[in-house]
Protein chains: 2
Amino acid sequence: MAGGRRLPNRAELRVWRDFIETGEVLRNQITGRLQSDTGLSTGDYTVLLALSEAAGQRLRSSDLAAGIGWERSRLSHHLGRMERRGLIRREECATDSRGAEVVLAPAGGAAFRAATAPHLRAVRELFVDALTDEQLVAAGEIAAALRAHLERS
Amino acid sequence: MAGGRRLPNRAELRVWRDFIETGEVLRNQITGRLQSDTGLSTGDYTVLLALSEAAGQRLRSSDLAAGIGWERSRLSHHLGRMERRGLIRREECATDSRGAEVVLAPAGGAAFRAATAPHLRAVRELFVDALTDEQLVAAGEIAAALRAHLERS
DNA sequence: CTCCTATGGTTGACGCGTCAACCATACCGC
DNA sequence: GCGGTATGGTTGACGCGTCAACCATAGGAG
């Protein structure tokens, strides 16, 4: 195994660049639409989705972070911004005085309900409709393969 | 065409989430490795790559922005940070007194040379090696299809 | 009860990106 | 020359993300 296999060749590098750059453009488009349609960022949407599905529309901060796969610090900063806008509230936790509960505020629930249809429509228009059925399947498999490979590292 | 086709179904949504989330994890891994291996961000790398390939290791600011597809404002902010670290310099432009030329500094050239092999190796390890040949081809086609569809909007 | 550590959460600094405002020079019509 | 617009570039404010430091309470071990 000499140096030959160490570095990607021109074609592989091209696919790599196309792949991430396209992913980024796509992501920007979707977040841009969400933003202009509803004034929410994808982060807002993620948080509001999790809270909407939670019992009592409330979650312990750590559980929320774990549920959406965020670091606690990131969540804390984001909740601060969302709280300022009246989308959520923070309450003290009855059973653990260290803890905090995040509660969906009325404005947050309304914003989320208003956002979901346009957002899903954007996903269909910009992603699903762009691909053939086979490509959609392949996209799923590629994502799974990459993820599995990443977790093996 | 009733409402049936308007929103993505469960399986499509799942592929969508897997697709972007995996892309993000992958991007984070690559940028993290670049950062820890060489102290450069992907933005730094992009700028240094463009400058390295330019005649005289220098470019007009606008040309650089156009070449790497960045907004001028973003580039200006980024160059400010890179200049502070001694990776590049900014000089007045002889032929257009409004303009600025961006020059690769010695430290920048060295950093870039030190970064390229590890970075390409990471791309191979985390991306190319994770996929079969067919998947790699499919990934390229998917990116192309998405891009074409985006540009049609 | 008293330490000692683990856990829950917040904060501050900083890098990065976007947007809108801004300043200076260039260029064009007159 | 003069005035207006276009172009090149910077700046400031703000959202977002990470990291490291920090504070408070919880929950043992002795």
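To find a chain, count down the sequence lines: A is the first, B the second, and so on, and within it residues start at 1. The analysis underlying the following values was restricted to heavy atoms, covering all of them including side chains, and did not include hydrogens, waters or symmetry mates.
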> Can you tabulate the close N/O pairs, meaning under 3.5 Å, that link protein atoms to atoms of nucleotides 12-14 of chain C?
{"from": "C:dG12", "atom 1": "O6", "to": "A:His77", "atom 2": "NE2", "distance (Å)": "2.7"}

> Taking all non-hydrogen atoms of both residues into account, name the closest pair between A:Leu13 and A:Pro8 and its distance.
CD1-CG, 3.9 Å
> Please check the phosphate of C:dG9 (OP1 and OP2 only) for any side-chain N or O of A:Arg60 closer than 4.0 Å.
yes
> Give one of base, sugar-phosphate or nothing for A:Arg85, where a contact means two heavy atoms less than 4.0 Å apart.
nothing
> Measure CG/B:Leu34 against P/C:dG15 and give the value in whole Å, please.
16 Å
> Closest heavy-atom contact between B:Ala138 and A:Ala138?
CB-CB, 4.4 Å
> Return whichever of A:Asp44 or A:Thr95 has its heavy-atom-nearest nucleotide of DNA chain D closer to the 5' end.
A:Asp44
> Which is true for A:Ser76 with a 4.0 Å heavy-atom rule: it touches a base, it touches only sugar-phosphate, or it touches nothing?
base
> Return the polar atom pairs (N/O with N/O) between nucleotides 5-7 of chain D and the protein under 3.5 Å, or none.
{"from": "D:dT7", "atom 1": "O2", "to": "B:Arg98", "atom 2": "NH1", "distance (Å)": "2.8"}

> Counting distance only, does the side-chain N/O of A:Glu125 pair as donor-acceptor with the main-chain N or O of A:Ala122 below 3.5 Å?
no
> To the nearest Å, how far apart are B:Trp70 CH2 and C:dT18 P?
9 Å
> So which atom in B:Gly43 and which in B:His78 form the shortest heavy-atom distance, rounded to 0.1 Å?
C-NE2, 3.7 Å
> Round to the nearest Å and state the distance from B:His78 atom NE2 to D:dG9 atom P.
17 Å
> Can you measure A:Leu64 atom CG to C:dG8 atom P for me and round it to whole angstrom units?
14 Å
> What integer distance in Å separates B:Leu59:CG from D:dG8:C1'?
15 Å
> In this structure, how many angstroms lie between the P atom of D:dT11 and the CG atom of B:Leu75, rounded?
13 Å
> Mind checking whether A:Phe19 and B:Phe19 have parallel, tilted or perpendicular rings, split at 30° and 60°?
perpendicular
> Of all the heavy-atom pairs spanning A:Ser62 and A:Arg72, show the shortest one and how long it is.
OG-CD, 3.9 Å
> Among C:dT25, D:dG17, D:dC19, which nucleotide sits nearest the side chain of B:Ser97?
C:dT25
> Over how many whole Å does the gap from A:Tyr45 atom OH to D:dC16 atom C1' extend?
20 Å
> When you measure from the side-chain N and O atoms of A:Arg81 to the phosphate of D:dG15, is any distance below 4.0 Å, counting only OP1 and OP2?
no
> Strictly distance-based, threshold 3.5 Å: is any side-chain N or O of B:Ser36 a donor or acceptor partner for the main-chain N or O of B:Arg33?
yes
> Check which hydrophobic residues are tied to B:Phe112 through side-chain heavy-atom contacts below 4.5 Å, counting indirect links as well, and list them.
B:Leu34, B:Leu40, B:Tyr45, B:Val47, B:Leu48, B:Leu49, B:Leu51, B:Leu59, B:Leu64, B:Ile68, B:Trp70, B:Leu75, B:Leu79, B:Met82, B:Leu87, B:Ile88, B:Val102, B:Leu104
> Would you kindly give the CD-to-P distance between B:Glu71 and D:dG8, to the nearest whole Å?
15 Å
> Considering only side-chain heavy atoms of A:Asp96, which listed nucleotide, C:dA26, D:dC16, D:dT25, is closest?
D:dT25
> With nearest nucleotides of DNA chain C determined for A:Glu24 and A:Arg74 from heavy-atom distances, which residue corresponds to the more 5′ nucleotide?
A:Arg74
> Keeping the roles fixed (side chain from B:Glu101, backbone from B:Glu92), state whether a donor-acceptor pair exists under 3.5 Å.
no
> When we call it a touch if two heavy atoms are under 4.0 Å apart, what does A:Ser61 touch: a base, just sugar-phosphate, or nothing?
sugar-phosphate
> Kindly say whether A:Arg90 contributes a backbone atom to a donor-acceptor pair with the side chain of A:Glu83 at under 3.5 angstrom?
yes
